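To start, the structure itself, in structure tokens.
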Amino acid sequence: MSDIPAPEKANETAGEDFIRAAIRADLAAGRVARVVTRFPPEPNGYLHIGHAKAIALNFSVAAEFGGRCHLRFDDTNPAKEEQEYIDGIKADLTWLGFDWGTHLYHTSDYFEQLYSWAVHLIEAGDAYVDDLSAEEIRARRGTLTAPGTDSPFRDRTAAENLDLFSRMRAGEFENGARVLRAKIDMTSGNINLRDPVLYRILHAHHPRTEDKWCLYPNYDFAHGQSDAIEAVTHSLCSLEFEAHRPLYDWLLEHLPVPANPRQYEFSRLNITYTVLSKRLLRELVDGGHVAGWDDPRMPTLVGLRRRGVPAAAILEFIARLSVGKTEGVVEVEALEHATRDALNPTAPRLMGVLRPLKIVIENYPEGESELLDAANHPQDEAAGSRQVPFGRELYVEQDDFMEDPPRKFFRLSPGREVRLRYAYFVTCTEVIKNEQGEVIELRCTYDPATKGGNAPDGRKVKATLHWVSAAHAVDAELRLYDRLFDQPNPAKVEEGQNWLDSLNAASLETLTGAKLEPSLADAAPGVPVQFERQGYFCVDPDSAAGKPVFNRIISLRDSWAKAAKKG
RNA sequence: UGGGGCGUAGCCAAGUGGUAAGGCAACGGGUUUUGAUCCCGUCAUGCGCAGGUUCGAUCCCUGCCGCCCCAGCCA
């Protein structure tokens with residue numbers, strides 16, 4: 001017996017979500033022997049953090065109940081899908097830490113089976129070929145309150161339907177000439193049951209089946225049956241598919257499928273100040289409003305990864321959300337908290353000055369320098385320490401000096417003494433300005449007795465500043481990111497407004513004159529570090545030899561900035 | 001106005017006939033060679049509204065109100 005307490009889990013005291021409860025019940029009642037879930041992305045773009053919720057749910061639930069989770073590319077629309085996205089999606093899942101093992105599938109693997117099931121439906125009198133145009137079908141569908149009317153082709157004989165359907169496959173007709181429809185009920189209150197289209201003619205090259213087909217099943221006809229083929233037990237999807245569930249069930253009931261999957265719908269993730277829709281994200285990319293799907297401001301998984309947000313932060317953020325059916329918008333602050341929380345324990349602490357202000361230590365010998373010991377992580381001794389060069393000329397942060405400071409400003413100002421981290425106490429003795437009256441340099445004196453940062457006489461100082469030796473500094477470009485939109489819910493636009501109007505013009509600020517301590521010269525790409533008192537950064541792939549570029553993953557919380565703003 | 005869902009604090013939410021968990025945010029305080037981290041504390045007499053049943057209702061019943069999804073040969 002151990003008296004070590006069990007590790008804490010997020011929502012430890014929270015109840016089980018409705019999906020896990022349903023699975024537990026199915027297992028207990030013997031309705032399913034082994035849980036099988038699936039993540040079914042359409043390869044028509046890159047995944048975003050909203051998808052991470054679905055991914056984590058499907059894979060975690062399978063793992064928790066000893067089942068498995070498949071990765072299935074829902075590639076039923078060759079007009080929109082590309083191999084690039086298939087590869088990208090796999091890389092994203094791997095990065096998040098999920099493994100589909102040997103269970104990689106494509107809906108296109110089932111095209112032949114799906115086709116024969118369509119034939120089965122036709123033979124049973126449950127489907128028919130319709131010659132109506134898309135416009136005519138729409139006109140006869142009825143409205144939300146008025147029933148639809150039957151197609152004049154609804155009562156074709158099975159033989160005629162079979163003939164037409166095989167000729168559709170054979171390529172005899174043009175795109176849109178005919179479709180296969182389920183024969184259900186044109187008066188149903190559920191519009192999805194008003195003889196939904198099942199197959200359409202699409203003369204297009206498919207990334208996998210290439211030119212074998214010109215007839216493609218749509219989502220409704222493909223999804224449930226693919227689930228059945230794979231013996232998926234719990235098919236988890238988002239709320240907008242709720243009204244499709246009756247059709248999902250109808251098809252499974254009318255087809256000789258090998259299994260009976262059940263669909264469950266949960267609410268998708270929304271986050272303030274961004275958009276979580278592939279369509280809108282694509283608009284940002286195509287419109288040149290961002291640098292690409294992997295722009296560090298994008299909520300895509302590739303964007304977050306390039307930004308430097310650890311997968312663990314995304315997973316933790318999602319774990320704190322719960323799975324349900326209520327729609328809401330999570331404040332981006334929750335993601336930011338998870339990001340800092342993931343970075344804080346491990347990111348090495350280093351010094352980098354974003355906006356340099358030169359200071360000269362007048363009583364420090366000219367031309368000399370020394371190495372000072374600095375902890376790599378003050379809270380973690382195992383992280384060790386490093387040597388940082390100190391000299392007569394240094395850079396400190398412009399924000400750390402005020403010539404005429406307000407009462408609660410503790411940092412450097414004329415006549416005031418502060419500590420330079422791991423170095424010495426310094427006192428500002430003179431302010432040098434240019435012709436415009438801007439402060440361009442500070443003259444200071446230091447107290448040699450305070451080496452390392454402590455005064456032997458016990459005197460205290462109210463601030464500790466980060467700094468970099470001018471003679472040893474590494475020049476770097478820093479990219480500071482802010483939220484992509486000014487509005488909390490950019491996708492919800494007012495009448496006559498364009499959602500792009502709420503793009504934040506200041507979402508990217510590039511700093512070209514940053515000065516970093518020399519050990520940052522060989523920082524590894526993508527590995528997060530903390531610039532003390534500033535934030536977490538990582539090297540961007542745009543870096544070149546001798547010309548490092550850092551992304552700011554996220555700033556540190558800044559209660560001084562908050563207080564200063566309040567006044 | 002047809003069908004399907006959803007309403008608990010600023011946000012995400014647990015709970016369920018017995019008197020409202022937790023996280024984020026906010027605010028106050030302590031520690032601090034990062035104004036960071038960490039630690040402590042405050043934050044719903046009330047669970048969309050109105051009735052009803054009950055000793056007792058966020059939970060059961062009735063009626064309202066609000067929000068979301070569906071009229072692609074997209075997924």
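Heavy-atom basis, side chains included; hydrogens, waters and symmetry copies ignored. Just so we're clear, the structure is a prediction, and the values are computed from it rather than from any experiment.
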B/rC70 OP1/OP2 closer than 4.0 Å to side-chain N/O of A/Arg194: no
N-glycosidic conformation, B/rG15 - syn within 90 degrees of 0, else anti: anti
Nucleotide B/rC74, atom P - distance to CG of A/Asp75 in whole Å: 15 Å
N/O (side chain, A/Arg72) to phosphate O (OP1/OP2, B/rA75) under 4.0 Å: no
B/rU53: pairing nucleotide in any strand, Watson-Crick or G-U under 3.5 angstrom: none
Aromatic ring proximity A/Phe165/A/Tyr199, centre distance under 6.0 Å: yes
Where protein sits on nucleotides 34-40 of chain B, one letter per nucleotide: B base, S sugar-phosphate only, - none, heavy atoms under 4.0 Å: BBBS---
Between B/rA13 (P) and A/Phe317 (CZ): distance, integer Å: 11 Å
Sugar-phosphate only, base, or nothing, as touched by A/Tyr422 at under 4.0 Å among non-hydrogen atoms: base
Sugar-phosphate, base or nothing in reach of A/Asn454, heavy atoms under 4.0 Å: base
Touch class at under 4.0 angstrom, heavy-atom based, for A/Lys460 against every strand present: nothing
Whether A/His206 side chain and A/Asp75 backbone form a donor-acceptor pair below 3.5 Å: yes
Side chain to side chain donor-acceptor pair (under 3.5 Å) partner of A/His466, chosen from A/Glu397, A/Arg349, A/Glu517: A/Glu397
d(NZ, A/Lys53; P, B/rC12) in whole Å: 11 Å
Note, A/Tyr536 side chain near A/Arg552 side chain (heavy atom, < 4.5 Å): no
Sugar-phosphate only, base, or nothing, as touched by A/Thr76 at under 4.0 Å among non-hydrogen atoms: sugar-phosphate
d(CD, A/Gln225; C1', B/rA75) in whole Å: 15 Å
Protein-nucleotide distance (A/Tyr199, atom OH; B/rC74, atom C1'), rounded to Å: 17 Å
Separation between CZ of A/Arg20 and CD of A/Glu64, rounded to the nearest 0.5 Å: 4.0 Å
Distance in angstrom units between A/Asn489 CG and B/rC11 P, rounded: 13 Å
P spacing across the pair B/rC65 / B/rG17, given as an integer number of angstrom: 29 Å
A/Glu42 side chain, from C-beta outward: closest of B/rC74, B/rC73, B/rA14: B/rC74
Options B/rC74, B/rC12, B/rA71, nucleotide nearest the side-chain atoms of A/Val330: B/rC12
A/Arg178 NZ/CZ over A/Phe173 ring centroid, <6.0 Å and within 45° of normal: yes
Touch class at under 4.0 angstrom, heavy-atom based, for A/Val329 against every strand present: sugar-phosphate
Touch class at under 4.0 angstrom, heavy-atom based, for A/His244 against every strand present: base
Counterpart base for B/rC6, defined by Watson-Crick or G-U wobble contacts under 3.5 Å: B/rG66
Sugar-phosphate, base or nothing in reach of A/Leu202, heavy atoms under 4.0 Å: nothing
Residue matched to B/rU42 through Watson-Crick or wobble contacts both under 3.5 angstrom: B/rA26
Minimum side-chain heavy-atom gap A/Phe537-A/Leu480 below 4.5 Å: yes
Separation of the C1' atoms in B/rG52 and B/rC43, to the nearest angstrom: 34 Å
Heavy-atom donor-acceptor pair, A/Arg154 side chain to A/Lys183 backbone, under 3.5 Å: no
A/Arg268 side-chain N/O to B/rC69 phosphate OP1/OP2 under 4.0 Å: no
Touch class at under 4.0 angstrom, heavy-atom based, for A/Gly328 against every strand present: sugar-phosphate
Protein-nucleotide distance (A/Asn270, atom CG; B/rC24, atom P), rounded to Å: 21 Å
Interatomic distance at C1', B/rU42 relative to B/rG10, whole Å: 16 Å
Sugar-phosphate only, base, or nothing, as touched by A/Phe241 at under 4.0 Å among non-hydrogen atoms: base
P atoms of B/rG51 and B/rG46, separation to the nearest Å: 15 Å
Nearest-Å distance once atom C1' is located in both B/rC24 and B/rA14: 15 Å
Residue whose nearest RNA chain B nucleotide is more 5′ - A/Leu335 or A/Glu240: A/Leu335
Pairwise 5' ranking along RNA chain B for A/Tyr219 and A/Ser267, keeping only the more 5' one: A/Ser267
Distances under 3.5 Å only, N/O to N/O: pair up the protein atoms with those of nucleotides 4-8 of chain B.
| unit_1 | atom_1 | unit_2 | atom_2 | d |
| --- | --- | --- | --- | --- |
| B/rG5 | O2' | A/Glu242 | OE1 | 3.4 |

Euclidean distance, atom CD of residue A/Glu265 to atom C1' of B/rC70 [Å, nearest integer]: 13 Å
Donor-acceptor contact present, side-chain A/Glu370 to main-chain A/Pro389, <3.5 Å: no
Cation-pi check, A/Arg169 onto A/Tyr115 ring (under 6.0 Å, within 45° of axis): yes
Watson-Crick or G-U wobble partner of B/rA20, both distances under 3.5 Å: none
Main-chain N/O of A/Ala146 paired to A/Thr143 side chain as donor or acceptor, under 3.5 Å: yes
Touch class at under 4.0 angstrom, heavy-atom based, for A/Leu343 against every strand present: nothing
Interatomic spacing from OG1 in A/Thr346 to CD in A/Gln530 - rounded to 0.5 Å: 10.5 Å
Euclidean distance for P, B/rU34 against B/rC38 (whole angstrom): 14 Å
Sugar-phosphate only, base, or nothing, as touched by A/Val179 at under 4.0 Å among non-hydrogen atoms: base
A/Arg138 vs B/rG72: side-chain N/O to OP1/OP2 distance below 4.0 Å: yes
Nearest-Å distance once atom C1' is located in both B/rC74 and B/rC69: 16 Å
Qualifying residue, where the test is side chain to side chain donor-acceptor pair (under 3.5 Å) with A/Tyr46 and the options are A/His51, A/Lys278, A/Glu84: A/Glu84
Pairwise C1' distance, B/rA13 and B/rU8 [rounded to whole Å]: 8 Å
N/O (side chain, A/Lys562) to phosphate O (OP1/OP2, B/rA26) under 4.0 Å: yes
A/Pro196 side chain reached by A/Leu247 side chain, heavy atoms, under 4.5 Å: yes
